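These numbers come from the heavy atoms of this one structure, side chains and all, not from hydrogens, waters or symmetry mates. Everything numeric here is computed off the predicted structure, so don't read it as measured data.
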Amino acid sequence: MAVSCAVPTAPAWPETGEASWVARSLRGRRMASGAPYDPRALTAAHRTLPLGSKVRVTRVDTGRSVIVTVTDRGPWADGRVIDVSEAAADALGFRSRGTAPVRLTLP
């Protein structure tokens, strides 16, 4: 009997789903890129995009968008496609909500 293994694939682009943001309390902690987390920087965590990649995050319900740099891995919560920094969440207008529906595109 043959055994099949699921091979992870890159997300389809544009990628859509929920975004959340990384808490200020993690300030200074090292990210996958080796840099310390700065909540004022426009950064994000994504599961598969190469570290250092730029991605445009557009909030689908308002049309607001921001370009972030992928500096970490995640998000690890089900249904989330990206974790953005506090500054990016502010720019997108969802920090008080916690999450927002987004579309990810390459700039």
Side-chain angles (χ1 to χ4, degrees):
M1 178 163 112
V3 176
S4 67
C5 295
V7 176
T9 59
W13 287 91
E15 185 176 7
T16 58
E18 287 288 311
S20 53
W21 62 278
V22 180
R24 182 181 300 168
S25 62
L26 298 178
R27 182 182 191 164
R29 291 181 111 183
R30 296 276 172 215
M31 296 176 290
S33 66
Y37 173 60
D38 179 357
R40 298 165 300 170
L42 295 174
T43 60
H46 191 274
R47 289 183 188 96
T48 59
L49 287 174
L51 297 175
S53 296
K54 302 281 186 189
V55 63
R56 178 179 298 278
V57 182
T58 303
R59 188 169 160 181
V60 298
D61 58 345
T62 65
R64 293 171 81 168
S65 72
V66 65
I67 295 174
V68 297
T69 302
V70 176
T71 57
D72 205 8
R73 292 293 172 222
W76 305 115
D78 288 342
R80 308 271 171 81
V81 296
I82 197 163
D83 279 338
V84 299
S85 65
E86 185 176 4
D90 281 339
L92 293 166
F94 76 87
R95 186 164 58 111
S96 64
R97 264 181 76 176
T99 64
V102 296
R103 179 177 59 253
L104 307 181
T105 55
L106 300 177

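Scanning both residues, Pro14 and Thr105, for their nearest heavy atoms gives CB-CG2, 3.5 Å. Scanning all heavy atoms of the two residues, the minimum distance from Pro75 to Ala45 falls at CD-O, 3.8 Å. In plain terms, the two heavy atoms of Thr71 and Thr43 that are nearest each other are OG1-CB, 3.5 Å. Across all non-hydrogen atoms, the minimal contact from Trp21 to Gly98 is CD1-O, 3.5 Å. Of all heavy-atom pairs between Arg47 and Ala77, the closest is NH2-O, 3.5 Å. Taking each heavy atom of Arg80 and Ala19 in turn, the nearest pair found is CD-C, 4.4 Å.
Using a cut-off of 4.0 Å between Lys/Arg side-chain N and Asp/Glu carboxylate O, Asp61 and Arg97 are scored as salt-bridged.
The residue from Leu106, Ile67, Val68 that alone fulfils the side chain to side chain contact (heavy atoms under 4.5 Å, CB included) condition with Arg56 is Ile67.
Distance check, rounded to the nearest 0.5 Å: CG of Asp90 to CZ of Arg95 gives 4.0 Å. A distance of 10.0 Å separates CG of Asp38 from CD of Glu86, quoted to the nearest 0.5 Å. Between the CG atom in Leu51 and the CG atom in Asp72 there is a gap of 7.5 Å [rounded to 0.5 Å].
Val55 and Tyr37 sit in two unconnected hydrophobic clusters of ILVMFWY residues. Membership requires side-chain heavy atoms under 4.5 Å apart, directly or through other members. Under the 4.5 Å side-chain contact rule for hydrophobic residues, Val84 and Leu42 share a cluster. Using a 4.5 Å cut-off between side-chain heavy atoms of Ile, Leu, Val, Met, Phe, Trp and Tyr, with links allowed through other members, Val81 and Leu92 fall into the same hydrophobic cluster.
Between Asp83 and Ser20 there is a side-chain heavy-atom pair separated by less than 4.5 Å. Taking 4.5 Å as the limit, some side-chain heavy atom of Arg30 sits within range of a side-chain heavy atom of Pro36.
A donor-acceptor contact shorter than 3.5 Å links the side chain of Arg64 to the backbone of Ala91. In terms of modelled atom types and a separation under 3.5 Å, the side chain of Arg59 and the main chain of Gly93 share a donor-acceptor contact.
Counting non-hydrogen atoms of other residues, nucleotides and ligands closer than 6.0 Å to CZ of Arg73 gives a total above 12.
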